[in-house]
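Reminder, nothing fancy here: chain letters follow the sequence lines and each chain counts from 1.
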Amino acid sequence: MPMEKTFNAAEAEPRLYAEWERVGAFRAGANAKPNADPFCIMIPPPNVTGSLHMGHAFNNTLQDILVRWHRMRGFDTLWQPGQDHAGIATQMVVERELAKSQQPGRREMGREAFLDKVWEWKEQSGGTIINQLKRLGASCDWDRNAFTMDAHFQQAVIKVFVDLYHKGLIYRGKRLVNWDPHFETAISDLEVENTEVAGHMWHFKYPLAGGETYEYVERDAEGEVTLREVRDYISIATTRPETMLGDGAVAVHPSDARYAPIVGKLCEIPVGPKEHRRLIPIITDEYPDAAFGSGAVKITGAHDFNDYGVAKRNGIPCYRLMDTRATLRADGAPYAEEAAKAQAIVEGKAFTEAEIDAINLVPDAYRGLDRFEARKAVVADITAEGLAVMVPVTTPDPETGEPVTSHVPYVENKPIMQPFGDRSKVVIEPMLTDQWFVDTAKIVQPAIDAVRDGRTVILPEQHEKVYFHWLENIEPWCISRQLWWGHQIPVWYGLDLFQTGFADDEGDNALDEVEIFRLLNEGAFNHGDPRHHCAADLDAVCEAFKAYLAALPAPLHAARVVEVADQHAAIEALATCLAEYNLSQDPTHLVYPVWRDPDVLDTWFSSGLWPIGTLGWPTDTPELERYFPTSTLITGFDIIFFWVARMMMMQLAVVDQVPFRTVYVHALVRDEKGKKMSKSLGNVLDPLELIDEYGADAVRFTVTAMAAMGRDLKLSTARIAGYRNFTTKIWNATRFAEMNGVFIGPRPTGIPQPRHTVNRWIIGETARVREAVDEALAGYRFNDAANALYAFVWGKVCDWYVEFAKPLFDGEDAEETRDTMAWVLDQCYILCHPIMPFLTEELWELTAPPIGRAKPLVHADWPTYRASGLLDPAADREMTWVISLIEEIRSARSQMHVPVGLRLPMVLVEADGAARTAWQRNESLIQRLARIDSLTEAAAPKGAITIAAEGATFALPLDGVIDVAEEQARLTKALEKLEKDLNGLRSRLDNPKFVASAPEEIVEENREKLALGDEEAGKIRTALARLADMG
RNA sequence: GGGCGCGUAGCUCAGCGGUAGAGCACUACGUUGACAUCGUAGUGGUCACAGGUUCGAUCCCUGUCGCGCCCA
């Protein structure tokens, strides 16, 4: 049955993929040669909520190319797939689903029920991206598909946390973190997008305490006084007036002479009830920029990263103003009491961090306000009180038109950088909270060293700089998230009974009523910070707590450790059992309640363990042994920090080995105008739609051909359509071969050894492209591989070889030509397969010899032949001559407007031996392709077009047809161009310095070019002279 | 402000010491034994600008001007 006219991708792709899966073609080690070297790629795990976008399509195409290429070459290959549980994103998706279906929300249903819902959702929808990757043709070992929340993976993550904790590399602390008020969780600074937005800078007066005054002097650059006045205030500029409520100080630069007189004094925060105005000190610090604003900066340590630094350096308290939703706090005592506590601190009273955090300095009137509402209120109140800095503004009177000067609050409109959550899109609030951190400074060095000394190579090289820069300035990594979906932190807390001064007064190993009463009624144990222990599970943690309990007075020392929900439940449980004990005096019911840290780990903490975790660590599995460290990681530059750097740090910290040998960082896929694809811009190309329309192979080939290292892809459907045409081209070349009986009958094994130049030539060209492809892929120059194949298949095989073969099928070389063509097409399928797996596999099967193929193409042996072995220089030279002669004739004919269909006689004017041989051996194909019907040897006839070939001159007699002027113009133009080149060559060769200093082969090459050019120029001049005679 | 990168044909981009290439687009012609998702031929470039190094610079160095991205 003859082949269809085009490849039906939509029909073939699912069928072929299913067959690959059926035979286990992608399994780890499939098609491996004995004792093969391993080759392993870890997929960058897509979010379980994810669906395939162009970035994935690009990223996974490149991975698949490397994997298929290695598998065909007989490596022991593993492409490890999997998904990431994506804490925030998944929780968001499921919460949205619940809301949509009118189900109770997360908080209503509680943690356990909610997590069940998440798992339910995961089972239903979590496989989306897997199927989409299959449509792309990704040859992952799906039997090994991993998930960061798999039981095994969870164990690995928890083990790493516990290990790092016990090594002192993880700690808990109250730190300023990026707080997402929408999700009510901390996020890492990498999850914050800083965007410039229109903002305002307000200027307010902070009155000096006790009405004190000073002389404020401003000078210009020359030191001349420009302003001198007596002030009773210090002027402060701020973009966030609502944070004034939490100010702990005003800071000026130590060198700022303007404020030197008042450093060390107190000033008043000009907001809040007048009778309870707080006083804060004026301090010096290097942070304020004297040239910016007024030069004086208010310090709100709990709500600004720079201020936090100043506060820490100077012992300034950090007052938290907001709750988890970034509304102004409504907890605590009335403002008057709280302000008094803060005042006591200024006056030197010692407070603990927890006590400071408990102070709510939000004036009663502002409590519960949204932060942006609070800002308005603060500004309005200060302005009303006359403490805004005023500036004169002159405007024309609306009636008289006379200029009128009035004073208005000084508010600058200026762009400010504002942090937004990359998922929630709400303004991120720096917030002082208790979080867990990885002490990255302690584990960063091995990750830096590994890249410095080349154990891991990052390509393209420029990304190494980015990597080093980030690691060398590493910040502690906040790994706790106030979410439910994820790996819950393996830390349990228990009440610290000692801290309260609890004791067995009589030392009688029994709690008497007085002692229990103290615990219960004074609730003393409620005040201290809880104790905590870290361990893989509750049993292990109980052991740790038992050591603590042992030191407690009897009978509490033997209390049973039980797990409760939280601190509140713990207090209640302890109270209950003590009360019961008081009645029963039965110590066996005494319990020591502990509760687990409710937070989960940053998703990147778990994906940081992806390489070892998916291979079975901590169990010493054969896979871990075999495939780790992995070979290559292919990823986008946007997650070098998020993921690559963290995998490097964590693998080195946990197993002391680099996770991969090479990191290939690819660029971004943009739209055809170079814009980032985004839903809001509506310029997103959906890879699945593109696959539907053009086929997966076309999409894959397109992104591969555009994958120049370090350069973004500007993708357009026109480009994809172009490469879809390329798939059709291969298809039709095969169809041609099929129609000419190429695939009928037995085929010789091995590389054909034909006699005819054409066949010998194409084999040499095939060897060339095989080397080019291997070299390109080895260097991660995917675009070079794709372009080499495109040029070979279309430009060599289809444009020339197929055309040359046509006459040969009728002659004595028909059989070897069929054999050669079958072999050449096989090589096309094999070499193109990593990039275009579907089309090539289909053709591989369609063109199978009668006895069938030994293996499917996905496992076909990748060739190793070399140009040095297969290329016949004589054939190569000859075919180059033939091709350029045909092109010359075609070009001349076309320019002379010779009708395409007209067959012309040709005259051989002169020729050397090589040219004569070349002609004789290829006469039929030249005649056919150049539309020549005969060749006679004669002097150049009058009125003929001249064709100059290497070593020969031909003429096409066109008496009467040719336009002399046009032919003159054609030849003159050719001569001019040639002369320009020749002049360049001559002047270079005439330069003694060139001959002396340029490499020998370059000089020789130039001489040859000059000689050849001179010969051709001579022929053209002769032809022009003849034309002149005619005129 | 700091860092990284990019300015090459109308467009998208390769090339990165030996005097410029591809694809698309465009123009003309064309159904020749596979392919109109095609064929043949052609038009089109001071390789951003200015200096420098070199026998020779699109390529290396310095500066200028534009444009991106990342980090403050």
Using the [atom1] atom in both, what is the distance from [N] to [M], to the nearest Å?
N: B:C4; M: B:A9; atom1: P; result: 27 Å
N: B:U64; M: B:G7; atom1: C1'; result: 14 Å
N: B:A22; M: B:G15; atom1: P; result: 15 Å
N: B:A25; M: B:C13; atom1: C1'; result: 14 Å
N: B:C16; M: B:U58; atom1: P; result: 15 Å
N: B:C26; M: B:U62; atom1: P; result: 43 Å
N: B:A57; M: B:A48; atom1: C1'; result: 16 Å
N: B:G44; M: B:A28; atom1: P; result: 16 Å

Original post:
RNA chain B: A:Lys993 or A:Asp799, which has the more 5' nearest nucleotide?
Top reply: A:Asp799

Original post:
Which residue, A:Ser894 or A:Arg719, contacts RNA chain B at a nucleotide closer to its 5' end, judged by nearest heavy atom?
Top reply: A:Arg719

Nearest of [options] to any side-chain atom of [X]?
X: A:Ser891; options: B:G42, B:A34, B:C4; value: B:G42
X: A:Lys465; options: B:G5, B:A34, B:U37; value: B:G5
X: A:Glu803; options: B:C35, B:U37, B:G5; value: B:C35
X: A:Lys1009; options: B:A41, B:U19, B:C55; value: B:U19
X: A:Ile1002; options: B:C13, B:U37, B:G18; value: B:G18
X: A:Phe994; options: B:G18, B:C24, B:A41; value: B:G18
X: A:Ala998; options: B:C38, B:C55, B:C35; value: B:C55
X: A:Cys798; options: B:G30, B:A41, B:A34; value: B:A34
X: A:Arg931; options: B:U32, B:G23, B:U37; value: B:U32
X: A:Val900; options: B:G30, B:A14, B:A36; value: B:G30

Original post:
If you take atom types as modelled and just measure distance, does the side chain of A:Lys729 reach the base of B:C35 with a donor-acceptor pair under 3.5 Å?
Top reply: yes

Original post:
Can a donor-acceptor pair under 3.5 Å be found between the side-chain atoms of A:Arg724 and the base atoms of B:U37?
Top reply: yes

Atom [atom1] of [X] and atom [atom2] of [N]: how far apart are they, to the nearest Å?
X: A:Asn8; N: B:U37; atom1: CG; atom2: C1'; value: 14 Å
X: A:Lys977; N: B:G42; atom1: NZ; atom2: C1'; value: 13 Å
X: A:Arg818; N: B:A34; atom1: CZ; atom2: C1'; value: 14 Å
X: A:Leu902; N: B:G30; atom1: CG; atom2: C1'; value: 14 Å
X: A:Glu472; N: B:G3; atom1: CD; atom2: P; value: 15 Å
X: A:Glu775; N: B:G15; atom1: CD; atom2: P; value: 14 Å
X: A:Met896; N: B:G42; atom1: CE; atom2: P; value: 12 Å
X: A:Phe726; N: B:U37; atom1: CZ; atom2: C1'; value: 13 Å

Original post:
With sequence neighbours left out, what residues match A:Ala998 under side chain to side chain contact (heavy atoms under 4.5 Å, CB included)?
Top reply: A:Phe994, A:Val1003

**OP:** Name all residues meeting the side chain to side chain contact (heavy atoms under 4.5 Å, CB included) criterion together with A:Ile744; count only those two or more places apart in sequence or in a different chain, and write none if there are none.
**Re:** none

Within the structure shown, what part of the strands sits under 4.0 Å from [X] by heavy-atom distance: base, sugar-phosphate, or nothing?
X: A:Pro999; value: base
X: A:Asn787; value: nothing
X: A:Lys980; value: nothing

Original post:
A:Leu846 versus A:Phe7: any side-chain heavy-atom pair under 4.5 Å?
Top reply: no

**OP:** Report yes if some heavy atom in the side chain of A:Asn59 is under 4.5 Å from a heavy atom in the side chain of A:His666; otherwise report no.
**Re:** yes

Original post:
Is A:Arg452 positioned over the aromatic face of A:Phe468, cation under 6.0 angstrom from the ring centre and no more than 45 degrees off axis?
Top reply: yes

Original post:
Taking the six-membered ring of A:Phe736, is NZ or CZ of A:Lys806 closer than 6.0 Å to its centre and within 45° of its axis?
Top reply: yes

**OP:** Let me have a per-nucleotide readout for nucleotides 66-72 of chain B, 5' to 3', with B, S or -, counting only protein heavy atoms under 4.0 Å.
**Re:** ---S--S

Under-4.0 Å salt bridge between [X] and [Y]:
X: A:Arg890; Y: A:Glu803; answer: no
X: A:Arg818; Y: A:Glu815; answer: no
X: A:Asp819; Y: A:Arg747; answer: no

Does [X] place a side-chain N or O at less than 4.0 Å from the phosphate oxygens OP1/OP2 of [N]?
X: A:Asn725; N: B:C38; value: yes
X: A:Lys973; N: B:U43; value: yes
X: A:Trp470; N: B:C4; value: no

**OP:** Enumerate, in order of first residue number, the stems that involve RNA chain B, defined as 3 or more consecutive Watson-Crick or G-U wobble pairs with both distances under 3.5 Å.
**Re:** B:1-7 with B:65-71, B:10-13 with B:21-24, B:26-30 with B:38-42, B:48-52 with B:60-64

Original post:
Using a distance-only test with no angle check, is there a side-chain donor-acceptor pair under 3.5 angstrom linking A:Asn759 and A:Tyr801?
Top reply: yes

Original post:
Which residues satisfy the ring-ring contact (aromatic ring centres under 6.0 Å, His included) test with A:Trp800, sequence neighbours excluded?
Top reply: A:Phe804

Subject >> Contacts of type ring-ring contact (aromatic ring centres under 6.0 Å, His included), residue A:Phe726, not counting sequence neighbours >> reply: A:Phe701, A:Tyr790

Original post:
Taking it one step at a time, do A:Arg986 and A:Asp1014 satisfy salt bridge (Lys or Arg N to Asp or Glu O under 4.0 Å)?
Top reply: CA-CA 11 Å; A:Arg986 266 187 222 107; A:Asp1014 269 337; 3.1 Å; yes

